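All remarks here apply to the structure that follows.
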There are 2 protein chains.
Amino acid sequence: MPKSTVCSRRKPSAKREAILDAAGEVFLEQGYAAASMDNVAARAGVSKATIYAHFTSKDDLFRAMVRRRCEQGEVFAPPSRPADARATLTALGRRLMDLLLSPEGLAMYRVVMAESARQPDLARAFYESGPAAGKEQIAAIIADLARRGEMAVADPWVAADLFVGMLRTDLFMRALLGLPQPEGRSLDGHVATAVETLMRAHTPPEKEDRP
Amino acid sequence: MPKSTVCSRRKPSAKREAILDAAGEVFLEQGYAAASMDNVAARAGVSKATIYAHFTSKDDLFRAMVRRRCEQGEVFAPPSRPADARATLTALGRRLMDLLLSPEGLAMYRVVMAESARQPDLARAFYESGPAAGKEQIAAIIADLARRGEMAVADPWVAADLFVGMLRTDLFMRALLGLPQPEGRSLDGHVATAVETLMRAHTPPEKEDRP
DNA sequence: GTCTATAAAGCGATAGAC
DNA sequence: GTCTATCGCTTTATAGAC
């Protein structure tokens, strides 16, 4: 995968980067409509006219900001050395929860969903480089576990979907709504429950050993 | 449960209702910030001043609209006569999917999430009267199945969480983002997969019979 | 209660100097 | 490229007649 010096169709002008950073903060905090170009300019430390020298409109700036934040490589690395299904899924689940519950990630979900009606292509780009890419990587790891006989999986994509779904429960919904998390349950316990349920439904016959 | 003539702290003035209906359409379509009072007035067939005679501000109108749409009774009725776990869960899952994927429901999620930072109490009210109330009803039904020996459930709330999570997967995420649903998979198949996975993890020992 | 007309402020976007 | 200053429009909210 290309990582740097490739696809730099624009030289990384310092001001341009500052504007994009500021736009990220303002749009993600306030939403597209409530955010103002004056606000972005102030937070970037430039004048409003400078923004319009780099971007043709508020819309253009918003799209550039979202697209830049979508450019991220592999977020779910396969385990460095082969491990059993429970350990692999637990690490994976924990990583997913951290991503889902990060403030920037949550804000991104909110703002893109809010604008999805007016920016269908942007919503698609976000989905494909975010949730879809992540699920694809998880499905690949599950497929590998199945290949090694650690799990009995008919369709790795369905299994990945179930796994992500069991992790992205009320906890995620509450986070998206900005509500405080209930104190009782820990993230690790939450992940363990999902892993256990998935394993019970996908344990290969020769490994059957109920606790 | 009280249904009508109760809690009518305001007489249902016709214009007031028209304004609230119009506000629902406009806010849910365009989002809070992008919606204008002129637009609401036009769609309600009244003048802008009339709106301000009933509501003190745009914010007040928005809150009244959300709160009114949150007043809904029981959405997941228990089965009329006792049925086995698979049938009960399948009906329940199908009902949940219909609710989650309805255009009004989706728009409500989007607009409340987008405004959650500025309206924390509104987000909480929506959550409690929507997702939380639904999950509570589902947990009660699962608890009843467990009591009758149809399922082996340690914690009905955890089971309900898992069940809802497995249903509210990518399908729901894509719907929130306004993306078209993939053609291949049917809603019924999706529900069946979730029911099957939940059952495998919660089948009581004396009923063990794998297909 | 409901209207028309308007005030006051903020918005996206641009002109023109440097 | 970057700035200051400003245009033209839309917005929320209100005054005053009926």
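As the structure is a prediction and not an experimental result, all values here were calculated from the model. Letters go in sequence order (proteins before strands), and every chain restarts at 1. We use all heavy atoms of the structure for the numbers below, so side chains are in, but hydrogens, waters and symmetry mates are not.
For the contact set between residues 38-51 of chain A and DNA chain D, defined by any heavy atom under 4.0 Å, the members are A:V46, A:S47, A:A49, A:T50. Within a heavy-atom distance below 4.0 Å of DNA chain C, the residues of residues 56-64 of chain A found are A:S57, A:K58. Residues from residues 23-34 of chain A placing a heavy atom under 4.0 Å of any atom in DNA chain D do not occur.
Side-chain proximity of B:K15 to the nucleotides D:dT12, C:dC3, D:dT2 is greatest for C:dC3. In this structure, the nucleotide among D:dT2, C:dT2, C:dG12 sitting nearest to the side chain of B:A53 is C:dT2.
Listed pair B:Y52 / D:dT14 fails the phosphate criterion, with no side-chain N or O lying under 4.0 Å from OP1 or OP2.
With hydrogens and angles ignored, the 3.5 Å screen pairs no side-chain donor or acceptor of B:R86 with any backbone N or O of B:E196.
Every residue two or more places apart in sequence or in another chain that forms a side chain to side chain contact (heavy atoms under 4.5 Å, CB included) with A:P79 is listed here: A:T88, A:I141. For B:D38, the salt bridge (charged side-chain N to carboxylate O under 4.0 Å, His left out) test picks out B:K48, with sequence neighbours left out. Applying the side chain to side chain contact (heavy atoms under 4.5 Å, CB included) criterion to B:D98, with sequence neighbours excluded, gives B:R94, B:L187.
For the pair A:R124/B:P180, a side-chain contact is recorded, criterion being any heavy-atom separation below 4.5 Å from C-beta on.
Nucleotide C:dA9 holds its P atom 19 Å from the CE atom of B:M37, rounded to whole Å.
Across all strands, A:A14 comes closer than 4.0 Å to no nucleic acid atom at all (heavy-atom distances).
A salt bridge is defined here as a Lys NZ or Arg NE, NH1 or NH2 lying under 4.0 Å from an Asp or Glu carboxylate O, and B:D121 with B:R63 meets this definition. Salt-bridge annotation for B:R43 and B:E29: present, with a side-chain N of the basic residue lying under 4.0 Å from a carboxylate O of the acidic one.
In plain terms, the two heavy atoms of A:R185 and A:T193 that are nearest each other are NH2-OG1, 3.7 Å.
Here the rule is side-chain contact (heavy atoms from CB on, under 4.5 Å) with B:I142, and of B:D155, B:L89, B:L162 only B:L89 fits it.
B:T197 and A:H202 are not linked by any side-chain donor-acceptor pair at a separation below 3.5 angstrom, with hydrogens and angles left out of the test.
For the pair A:K135 and A:F163, the cation-pi test (distance below 6.0 Å, angle within 45°) is failed.
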